[in-house]
Amino acid sequence: MFTPTGRPSCLLIFILVAVKTVETSSDFCNVTRSTKKVVPTCPDSLDKWNEASKRKNCTQYASQCSEPEKLEYHCVINPFINETLEVCAYGQYIISGKMKFL
């Protein structure tokens, strides 16, 4: 886009760079919500965790994420503390008991 003087608009260039930065440095994958499943309990041992992770097979969704290598199996309690959920998501710190994908 050009200004009336025929020069490129710096504002447009800045907006395009800002949007691209947000796209590529996300800490959230859009596929995460679709992988959420209520389960009776979370695994209580490493063997059970590995078994649940293998069953969930998060790698099948990884290609839909901007950073596929970061997608991993999680089992967490929901914000209302009345359900446990399995989900494929990026690893993240939980602050105030809330995760972005729930």
Side-chain angles (χ1 to χ4, degrees):
M1 180 160 287
F2 291 88
T3 63
T5 61
R7 291 182 290 195
S9 169
C10 290
L11 179 59
L12 180 59
I13 293 169
F14 174 76
I15 291 171
L16 291 175
V17 170
V19 169
K20 190 62 176 172
T21 301
V22 170
E23 277 180 16
T24 58
S25 63
S26 174
D27 60 353
F28 176 77
C29 177
N30 289 329
V31 76
T32 295
R33 282 192 179 94
S34 68
T35 67
K36 185 171 65 173
K37 179 183 176 189
V38 176
V39 293
T41 61
C42 286
D44 59 3
S45 70
L46 181 58
D47 287 340
K48 289 179 184 177
W49 186 273
N50 289 334
E51 182 180 312
S53 176
K54 186 176 179 181
R55 180 180 25 79
K56 190 72 173 169
N57 189 18
C58 293
T59 57
Q60 71 180 320
Y61 307 103
S63 65
Q64 299 174 51
C65 301
S66 61
E67 298 178 81
E69 69 284 352
K70 290 176 56 178
L71 196 69
E72 57 189 45
Y73 169 81
H74 298 272
C75 191
V76 296
I77 194 162
N78 75 350
F80 303 106
I81 314 174
N82 63 358
E83 294 177 324
T84 48
L85 309 167
E86 284 185 331
V87 66
C88 297
Y90 293 166
Q92 60 185 271
Y93 292 106
I94 301 173
I95 300 171
S96 300
K98 296 190 181 195
M99 298 182 81
K100 288 185 179 185
F101 58 79
L102 297 179

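Here, residue 1 is the first one in the sequence, and each next residue gets the next number.
Rounding to the nearest 0.5 Å gives a distance of 8.5 Å between CD of E83 and NZ of K36.
With a 4.5 Å cut-off on side-chain heavy atoms, E51 and P43 do not count as touching.
Residues passing the side chain to side chain donor-acceptor pair (under 3.5 Å) test with T59, sequence neighbours excluded: N57. Residues passing the side chain to side chain donor-acceptor pair (under 3.5 Å) test with D44 are K48, sequence neighbours excluded.
Considering every non-hydrogen atom in both T35 and T32, the closest pair reads OG1-O, 2.8 Å. A pairwise comparison of heavy atoms in R33 and F28 identifies NH1-CZ, 3.4 Å as the closest pair. Smallest separation of non-hydrogen atoms from V76 and C42: N-SG, 3.8 Å. Contact record, C75 with E86: SG-CG, 4.2 Å, taken as the closest heavy-atom pair.
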Test C29 against C88 for disulfide bond (SG atoms under 2.5 Å apart), laying out the working first.
CA-CA 9 Å; C29 177; C88 297; over 6 Å; no

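The hydrophobic cluster around Y73 extends to W49, counting ILVMFWY residues whose side-chain heavy atoms fall within less than 4.5 Å of a member.
Side-chain atoms of Y61 do not come within 3.5 Å of backbone N or O of S34 as any donor-acceptor pair.
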